[in-house]
Asks: 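Before I ask anything, here is the structure I am working with.
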Amino acid sequence: MYMMITLWENLPRCMIYDKIQFPIFPVHTDEITLVDGILWIENQVLDDKNMKGKTLGMRRIQSPMKSIYPVKYMIKDIRSYLDHKGKFYIDNTGYFFRKEKIKKATLKYHKILRVDLKTVASVLWVKDCPFPFTLDRPLKDDQAWAGILYRDNIPWLLYDTSSEKKKNSWRKI
């Protein structure tokens with residue numbers, strides 16, 4: 001069985017953030033094929049669905065195939081994904097997709113009310129948001145404002161922090 005894989009066409013493009021499982025890995029082309037449960041890219045194995053592992057890495061390690069496509073870079077969260085310049089990705093479950101920034105998200109700045117320092121992250125509580133946002137590093141002392149991306153008028157993602165309030169704007173997602 002030989003077929004071209006275009007899995008991103010099966011999903012509404014604005015909902016991709018709810019379906020992908022991080023980490024994700026960029027690949028340089030969308031010319032992939034699925035043959036007998038093996039996802040091929042340029043005559044190398046990208047994913048072997050015949051193996052029992054739940055993650056892409058486990059299936060790649062278990063695969064008896066010799067030519068494994070090298071994944072050199074890992075993206076661990078949505079914020080890093082939005083900044084990455086690539087176009088084609090595979091997620092941790094083996095879902096191949098294409099990045100298309102077609103929707104606008106509002107970027108609003110909120111006052112940081114409280115910072116809870118945890119072992120490996122900081123938890124930011126911001127004004128007018130009923131839930132906290134996680135930052136993977138300690139917050140700098142002079143940072144008092146958090147830029148929050150809104151999706152469908154709901155606070156969605158911590159975009160950045162700053163020492164002064166910036167004008168509200170938008171970003172393509």
Side-chain angles (χ1 to χ4, degrees), residues 5-30 46-47 53-60 70-173:
I5 300 297
T6 53
L7 295 177
W8 61 83
E9 291 176 357
N10 299 333
L11 186 66
R13 292 182 290 183
C14 61
M15 300 300 289
I16 191 78
Y17 303 107
D18 301 329
K19 302 295 182 188
I20 55 179
Q21 296 291 315
F22 286 92
I24 62 174
F25 308 92
V27 295
H28 70 281
T29 183
D30 67 342
L46 181 59
D47 189 11
K54 290 184 179 181
T55 66
L56 179 68
M58 288 300 296
R59 289 190 302 272
R60 287 167 58 92
V71 288
K72 299 177 182 175
Y73 188 72
M74 178 182 79
I75 298 171
K76 64 180 184 165
D77 57 19
I78 294 174
R79 175 70 172 98
S80 302
Y81 168 68
L82 290 173
D83 286 343
H84 194 265
K85 302 293 184 202
K87 290 184 181 179
F88 309 108
Y89 302 88
I90 188 166
D91 80 350
N92 205 30
T93 63
Y95 176 74
F96 181 81
F97 60 99
R98 177 182 184 169
K99 182 194 322 186
E100 292 181 359
K101 292 184 177 184
I102 58 167
K103 193 171 182 180
K104 286 184 181 179
T106 305
L107 177 60
K108 296 181 183 178
Y109 284 83
H110 297 269
K111 181 77 173 160
I112 297 173
L113 300 176
R114 186 175 91 215
V115 178
D116 297 336
L117 296 175
K118 302 295 182 184
T119 307
V120 294
S122 299
V123 178
L124 306 180
W125 292 89
V126 299
K127 187 175 181 180
D128 299 328
C129 288
F131 51 87
F133 295 93
T134 304
L135 186 64
D136 290 343
R137 56 180 166 70
L139 185 68
K140 293 179 184 176
D141 291 333
D142 66 338
Q143 307 290 298
W145 294 90
I148 307 296
L149 275 179
Y150 280 68
R151 195 172 90 181
D152 299 324
N153 295 320
I154 298 171
W156 175 51
L157 177 71
L158 177 65
Y159 190 75
D160 71 346
T161 59
S162 68
S163 57
E164 55 190 43
K165 185 176 183 179
K166 297 179 182 177
K167 289 174 49 177
N168 293 343
S169 61
W170 57 271
R171 299 289 183 271
K172 287 274 261 227
I173 62 169

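Residue numbers run from 1 in the order of the sequence given. Predicted model only: the values in this text are computed from it and were never measured. These numbers come from the heavy atoms of this one structure, side chains and all, not from hydrogens, waters or symmetry mates.
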Asks: What are the two closest heavy atoms between Ile24 and Gln21, and how far apart are they?
Replies: CG2-O, 3.9 Å
Asks: Quick one: closest heavy-atom pair of Tyr150 and Ala105, and the distance?
Replies: O-CB, 3.3 Å
Asks: Closest heavy-atom contact between Lys172 and Lys101?
Replies: CE-O, 3.4 Å
Asks: Measuring only between side-chain heavy atoms, which start at C-beta, is Tyr17 closer than 4.5 Å to Leu157?
Replies: no
Asks: Heavy atoms, side chains only, cut-off 4.5 Å: are Asp128 and Lys108 in contact?
Replies: no
Asks: Does a side-chain N-to-carboxylate-O contact under 4.0 Å join Arg151 and Asp18?
Replies: yes
Asks: Taking C-beta and beyond as the side chain, do Leu117 and Ser122 meet within less than 4.5 Å on heavy atoms?
Replies: yes
Asks: Let me check something: any side-chain donor-acceptor pairs from residues 75-85 under 3.5 Å, sequence neighbours excluded? List them with distances.
Replies:
from: Lys76; atom 1: NZ; to: Asp136; atom 2: OD2; distance (Å): 3.4
from: Asp77; atom 1: OD1; to: Ser80; atom 2: N; distance (Å): 2.9
from: Asp77; atom 1: OD1; to: Ser80; atom 2: OG; distance (Å): 2.7
from: Arg79; atom 1: NE; to: Tyr159; atom 2: O; distance (Å): 2.7
from: Arg79; atom 1: NH1; to: Asp83; atom 2: OD1; distance (Å): 2.7
from: Arg79; atom 1: NH1; to: Asp83; atom 2: OD2; distance (Å): 2.5
from: Arg79; atom 1: NH2; to: Tyr159; atom 2: O; distance (Å): 3.2
from: His84; atom 1: ND1; to: Gly86; atom 2: N; distance (Å): 2.9
from: His84; atom 1: ND1; to: Tyr89; atom 2: OH; distance (Å): 2.9

Asks: Just how far is it from atom CE of Met58 to atom CZ of Arg60, taken to the nearest 0.5 Å?
Replies: 13.0 Å
Asks: Rounded to the nearest 0.5 Å, what's the gap from OG1 on Thr161 to OH on Tyr109? Could you check?
Replies: 9.0 Å
Asks: How far apart are the closest heavy atoms of Trp145 and Ser163, and which atoms are they?
Replies: CD1-O, 3.8 Å
Asks: Please name the pair of heavy atoms, one in Ile20 and one in Asp91, separated by the smallest distance, quoted to 0.1 Å.
Replies: CA-OD2, 3.5 Å
Asks: Under the 3.5 angstrom rule, does the side chain of Arg59 hit a backbone N or O of Gly53 as a donor-acceptor pair?
Replies: yes
Asks: Using modelled atom types only, decide if a donor and an acceptor are shared between the side chain of Asp152 and the backbone of Ile154 within a distance under 3.5 Å.
Replies: no
Asks: How many angstroms lie between CG in Leu139 and CG in Asp116, if you round to the nearest 0.5 Å?
Replies: 11.5 Å
Asks: Any side-chain to backbone donor/acceptor pair from His110 onto Lys127? Under 3.5 Å, distance only.
Replies: yes
Asks: Within the structure provided, determine whether Asp47 and Tyr95 are in side-chain contact (heavy-atom separation under 4.5 Å).
Replies: no
Asks: What pair of heavy atoms forms the shortest contact from Ser162 to Glu164, and how long is it?
Replies: OG-O, 2.6 Å
Asks: With rounding to the nearest 0.5 Å, note down the distance linking CD1 in Ile90 to CG in Leu56.
Replies: 5.0 Å
Asks: Would you call Leu158 and Ile148 a side-chain contact if the rule is heavy atoms closer than 4.5 Å?
Replies: yes
